[in-house]
Number of protein chains: 2
Amino acid sequence: MNLKDLSRQLGLSPTTVSRALNGYPEVSEATRKRVVEAARAHNYSPNARAKSLATGRSYAIGHVIPLSTRHEMVNPIFGDFIAGAGETYGASGYDMLLSVVEDGAEESAYRSMRARHSVDGVVVHGPRVDDPRITMLHQIGLPFVVHGRSSRLPNDYCWLDVNNTSAFRRATEFLIDLGHRRIALVNGLEEMDFAHRRRQGYEEALRGRGIAIDPALTFSEEMTEYYGFRTADRLLARDDAPSAFLVSSLISALGVRRAIQARGLEMGRDVSIITHDDALSYMDNGNGEVPIFTATRSSVRQAGARLAQMLIDRIEGRAADTQQVLFEAELRVGQSTGPAPTP
Amino acid sequence: MNLKDLSRQLGLSPTTVSRALNGYPEVSEATRKRVVEAARAHNYSPNARAKSLATGRSYAIGHVIPLSTRHEMVNPIFGDFIAGAGETYGASGYDMLLSVVEDGAEESAYRSMRARHSVDGVVVHGPRVDDPRITMLHQIGLPFVVHGRSSRLPNDYCWLDVNNTSAFRRATEFLIDLGHRRIALVNGLEEMDFAHRRRQGYEEALRGRGIAIDPALTFSEEMTEYYGFRTADRLLARDDAPSAFLVSSLISALGVRRAIQARGLEMGRDVSIITHDDALSYMDNGNGEVPIFTATRSSVRQAGARLAQMLIDRIEGRAADTQQVLFEAELRVGQSTGPAPTP
DNA sequence: TGGCCCGTTCAAAGCGCTTTGGAATTGAGT
DNA sequence: ACTCAATTCCAAAGCGCTTTGAACGGGCCA
């Protein structure tokens, strides 16, 4: 069933039927009603390809995700982000086009989406401190929004970010207030902007309280469970072991906890942990009761929903080209922190 | 830059240029070369919408995922599955269209994809024991493949599944061989086909060895960390606590381990665990060395890649409509299992 | 030299929709 | 009765591509 068939059945021209369905005013309410009902009865939806060819709009948003596990995207938070964005897309009638590419092929993927007119805009995931994709997208004129920011670039694009610096500054200060002096930072890859900013927050807090920064206590890697375990395990073996860990991911925090427990120590008494928590649906950190981990928390799913809305608003001309939204993470105190043990 | 522009620049007709780029034989190698180079030089890719309108093919595959967390999709394994499928799509020139929908709206999402001609086929995720989507897709004639199976339906569709029954049978037998008699089953939702089959395997093994099935030891819920913790915590408080746990998800297994350790017990000595392991990229269960958990293991990413290939082969007419692939899970012995403690 | 075939190119139609620029109908105003 | 504007509808062009059917030369054979 296509437009022509439908219009023939109704004894109307395709023009009128199209207008009736798209809410144009040049058609009487009586005919509109007749048309809409017939469309539903025959289960008619316009051919999306034809429609988009005619309108020049594709009603689709592109997401390019690199394959490599070095990157933080094909990873636990991805599903939740997509769920949030997908919610928004569904409500606004957009499709989501996912493109999984080899590392380094991201730029050409964006170019291809542009050349083939397959999307109206794209979402940039996992920006680096100095991310070439952003300047490139500007150049080729493909509307985009960024999940996160790129510190070293001019701040003239559209982004949504968590205030990573303040979150980790507050978390560090919280630990210092509890008497901790040796605080390890188990960070993500610091070429990633979020990790870079988290380190800044950590360092600001230490400097602010006149505590020297010990490079032997800071780590930057891909955030697996094993990374958390291995790092904590080695540190705890030392004489000058840290009394607290600040961790960038709940997954890695699980590893840190495992290392602590493997040594017969107790989390929250012998060793404290604060982790960042993306509020993932399946990793609920305490399930509404007292959280297991004290955490800086911000829902990545909500971020996805909001960011998608920003992009659509921009595409449809309802919003400026440089909306910027900063979420503040909440510091939720759980069972994993306590006063620093006296030596 | 479109076909017309490009052909004008070359002094050729659009026909010839199109044929040159699509590898048709009616064009001399000299012109083909000239055309291909010009296309690259001008960074030309055909407008995907126009192309698909003309060919009737869309070169896109649809994935519909329900929002609800009751379902197992917007969840840890989703990212890995997509990564695998995306790999295949990329290699074959297909796009992936993701549609996130309210629970229960899945069928209408498929219908809409069909009516709007926005995909050439779809992947069905998380089939129930008796899944209406499968019969519906048959009816509307949209090519599809299923990740998993639907036990109670005629077996005449295209699927790829892990042999869940045999995996859990073997795992159970392994525990029995170690002397365990009270084995708890911490399963996923048993309306889901995979969980249903896992229970079958578990029961077959017990029956085969003449061990009575204790309903008080089997559980069926959404597989969160907290579910594992809570379930194990309660069971271990009992006088007749199980000596082993068979768990359907690594995430929940983490919760079980936490409960064990919280009681000062040791995993692998006091209490054994076997879990299913989807070989997720960021949850590496032992990192190449001795696995932490003894596990039935099967890569969900590989499943995604293979299943995508099956669908494409089918769409392009290279394969039968009812290919069926059964992966056997590998039983990897790790540190979480040991002989049953003597009471 | 005429006729035929092959290799190469092209003009034009068509995919299913939107949208421009009328055309037909109606009703009110004078 | 006639004009004019508003209302309601339509024919046709166009979006950028593929594909059918035909044209055009040149080489080859008789």
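Just so we're on the same page: letters track the sequence lines, and every chain starts at 1.
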Asks: Over how many whole Å does the gap from A/Arg8 atom CZ to D/dA11 atom C1' extend?
Replies: 16 Å

Asks: Atom OH of A/Tyr24 to atom C1' of D/dC9: distance rounded to whole Å?
Replies: 16 Å

Asks: From D/dG16, D/dA11, D/dG14, pick the nucleotide closest to the side chain of B/Asn2?
Replies: D/dG16

Asks: Give the rounded distance in Å between these two atoms: CG of B/Asn47 and C1' of D/dG14.
Replies: 14 Å

Asks: Quick one: label A/Thr31 by what it contacts on the DNA or RNA (base, sugar-phosphate, nothing), any heavy atom closer than 4.0 Å.
Replies: sugar-phosphate

Asks: Return no unless some side-chain N or O of A/Thr16 is found under 4.0 Å from OP1 or OP2 of D/dC9.
Replies: no

Asks: Over how many whole Å does the gap from A/Leu12 atom CG to D/dC10 atom C1' extend?
Replies: 10 Å

Asks: Answer with yes or no whether the side chains of A/Thr31 and A/Ser28 bring together a donor and an acceptor at under 3.5 Å.
Replies: yes

Asks: How far apart are the C-alpha atoms of A/Arg133 and A/Met136, what are their side-chain angles, what is the distance that settles it, and do they pass the side-chain contact (heavy atoms from CB on, under 4.5 Å) test?
Replies: CA-CA 5 Å; A/Arg133 290 173 294 173; A/Met136 190 215 79; 5.5 Å; no

Asks: Classify the side chain of B/Thr15 and the base of D/dT19 as holding, or not holding, a donor-acceptor pair under 3.5 Å.
Replies: yes

Asks: Taking the nucleotide of DNA chain C with the closest heavy atom to each, which residue, B/Arg19 or B/Ala50, is nearer the 5' end?
Replies: B/Arg19

Asks: With side-chain hydrogen bond (donor to acceptor under 3.5 Å, both in side chains) as the test, would you mind laying out the steps for B/Gln9 and B/Asp5 before giving the verdict?
Replies: CA-CA 6 Å; B/Gln9 284 220 8; B/Asp5 297 344; over 6 Å; no

Asks: Roughly how many Å is it from CD in B/Glu26 to C1' in D/dT18, rounded to a whole number?
Replies: 12 Å

Asks: Ignoring backbone atoms, establish whether A/Tyr59 has a side-chain N or O less than 4.0 Å from OP1 or OP2 of C/dC17.
Replies: no

Asks: Looking at D/dT18, I'd like to know if its phosphate oxygens (OP1 or OP2) sit under 4.0 Å from a side-chain N or O belonging to B/Ser18.
Replies: yes

Asks: Does any part of the side chain of B/His125, heavy atoms only, come nearer than 4.5 Å to the side chain of B/Ile77, both counted from C-beta?
Replies: no

Asks: In this structure, how many angstroms lie between the C1' atom of D/dC17 and the NZ atom of B/Lys51, rounded?
Replies: 9 Å

Asks: Is there a side-chain polar atom (N or O) of A/Asn22 under 4.0 Å from OP1 or OP2 of C/dT18?
Replies: yes

Asks: Expressed as a whole number of angstroms, how long is the span from B/Glu29:CD to C/dT9:P?
Replies: 11 Å

Asks: C/dT18 phosphate, OP1 or OP2: any side-chain N/O from A/Thr55 under 4.0 angstrom?
Replies: no

Asks: Does A/Ser28 have a side-chain nitrogen or oxygen under 4.0 Å from the phosphate oxygens OP1 or OP2 of D/dT7?
Replies: no

Asks: Rounded to the nearest angstrom, tell me the gap between atom CG in B/Leu3 and atom P in D/dG14.
Replies: 18 Å

Asks: Test side-chain contact (heavy atoms from CB on, under 4.5 Å) on A/His117 and A/Ser58 and set out the steps.
Replies: CA-CA 7 Å; A/His117 290 262; A/Ser58 70; over 6 Å; no

